[in-house]
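This report refers to the structure that appears directly beneath it.
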Amino acid sequence: MLKPEVEDGQASLADPNFRRDVLDGLAARPRAIPARWFYDRRGSELFEAITDLPEYYPTRTETALLRQIGPELAGLSAPAAAVVEFGSGSSAKTPIVLRAIDAGAYVPIDISGDFLRQSAGELSQGFPGLPVYPVEADFLRPVPLPPQVADMPKLGFFPGSTIGNMNAWHAVDLLRAMREWLGKGARLLIGMDRVKPVETLVAAYDDAHGVTAAFNLNLLERINRELRGTIPVDAFRHHALWNAGAARIEMHLEAQRDVDFAVDGRGFAMAAGETIHTENSHKYGPNGARQLLRGGGWTPIAEWTDPQDWFALILCEA
Ligand code: AVI
């Protein structure tokens, strides 16, 4: 018999937005928690491990593309532009862009502060003369750019198909906001993942080594750590599926048995087979990608894909 969902009245000291999203998400039907909360320190490290997996084609495909388009990109970018990277993570692809366009400054923006500072520090060592201004921020809210880059031409860099983790209407809102933050005359280089055979897609989000499973399950561990959670993590399993109607991979955490647990003093009960929806990763065809960008106020001016047409890099102007 599952217990009713109740509250005990004591609050945790965690990020109030995390608390609200988790409590609301667990109470909703279907249950869903926004994917942005994957990225605590451990989650960011696990994501980096995902990018090295043989099944996870996006990172290596996009990196190879970036290397290939460098000279062309240089011809299409303003000289000495400030590169503003949204969700910079490990900044692994950034050196390719900074070198290609001979950047005048680098502004990495990331929600995971210590990871951001470490990556920015490491990158600075490879670019001794380059001013680097890290901004610890959730770019889903307004991001003030550092005043030092105010008068420089800007190249927004939004790689990795992170845009795919948003629903279309949120993606359009974000693209519009980026246009405003980057200002007049800015350009945006964005990576977008393509629709492709289902087996390839599902394998990329359900790898043989269980790294993606650990990444998904870490959300429950984070809830336990930061929100006084008592979730029995071993009662959940990672599940990735292709939703053809919505053209997206969905990730879920599925209860393997009936479970009761508390989060921040509030009780929850889930029946075996019930899931918490934790991520959408939308994939776009060429037309859908361009339509989305135009809806966000950006005009595509150049587009590159790999020989299999698995991943696209699109350069847009404001
Ligand atoms: C960050 N984002 C673009 C990744 C993706 O492919 O949607 C997150 C991820 N989730 C599972 N694997 C990777």
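Atoms within each ligand, like the ligands themselves, are counted from 1 in listed order. No hydrogens, no waters, no symmetry mates; every other heavy atom, side chains included, goes into these values.
Near Thr162, meaning under 4.0 Å from one of its heavy atoms, ligand 1 places the atoms 3 (C). Here is the list of ligand 1 atoms found below 4.0 Å of a heavy atom in Gly160: 3 (C). In summary, the atoms of ligand 1 found under 4.0 Å from a heavy atom of Met251, numbered by their order in the structure, are 11 (C). Interface of Tyr56 with ligand 1, defined as ligand atoms under 4.0 Å from a residue heavy atom, comprises 4 (C), 5 (C), 6 (O), 12 (N), 13 (C).
Within the cation-pi definition used here (under 6.0 Å to the ring centroid, within 45° of the axis), Arg222 qualifies as a partner of Phe18.
Proximity of Phe38 to ligand 1, defined as any heavy-atom pair under 4.0 Å, is not found for any part of the residue. Looking at Ile249 against ligand 1, nothing comes within 4.0 Å, counting heavy atoms.
One distance of note links OG of Ser90 with CG of Leu123; it measures 10.0 Å at 0.5 Å rounding.
Of the options Arg248, Lys283, Glu279, His282, the smallest heavy-atom separation from atom 8 (C) of ligand 1 is shown by Glu279.
In this structure, atom 2 (N) of ligand 1 lies nearest to the protein heavy atom Asn165 OD1, 2.8 Å. Considering only non-hydrogen protein atoms, atom 7 (O) of ligand 1 sits nearest to Ser281 OG, 2.6 Å.
Not close to ligand 1: Tyr57, with no non-hydrogen atom less than 4.0 angstrom away. Put simply, part of Ser161 is less than 4.0 Å from ligand 1, judged by heavy atoms. Contact between Pro58 and ligand 1 is absent, with no heavy atom of the residue lying under 4.0 Å from the ligand.
Look at Asp40 and Arg225 and you find a salt bridge, because one of the NZ, NE, NH1 or NH2 atoms lies within 4.0 Å of a carboxylate O, short of that distance. Salt-bridge check for Arg290 with Glu303: passed, with a basic side-chain N closer than 4.0 Å to an acidic carboxylate O. Using a cut-off of 4.0 Å between Lys/Arg side-chain N and Asp/Glu carboxylate O, Arg117 and Glu136 are scored as salt-bridged.
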**Request:** Apply the test side-chain hydrogen bond (donor to acceptor under 3.5 Å, both in side chains) to residues Ser161 and Tyr284: give CA-CA distance (whole Å), side-chain angles for both, the deciding distance (0.1 Å), then the verdict.
**Result:** CA-CA 10 Å; Ser161 197; Tyr284 289 93; over 6 Å; no

**Step-by-step side-chain hydrogen bond (donor to acceptor under 3.5 Å, both in side chains) determination, Asp207 to Thr212** = CA-CA 6 Å; Asp207 62 279; Thr212 313; 2.6 Å; yes

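Between Phe261 and Phe236, the ring planes lie perpendicular to each other; the angle is over 60°, past the 30° to 60° tilted range. Below 30°, between 30° and 60°, or above 60°: for Tyr56 and Phe47 the angle between ring planes is above 60°, a perpendicular geometry.
Checked by distance only, ligand 1 and Tyr39 stay at 3.5 Å or farther apart across all their nitrogen or oxygen atoms.
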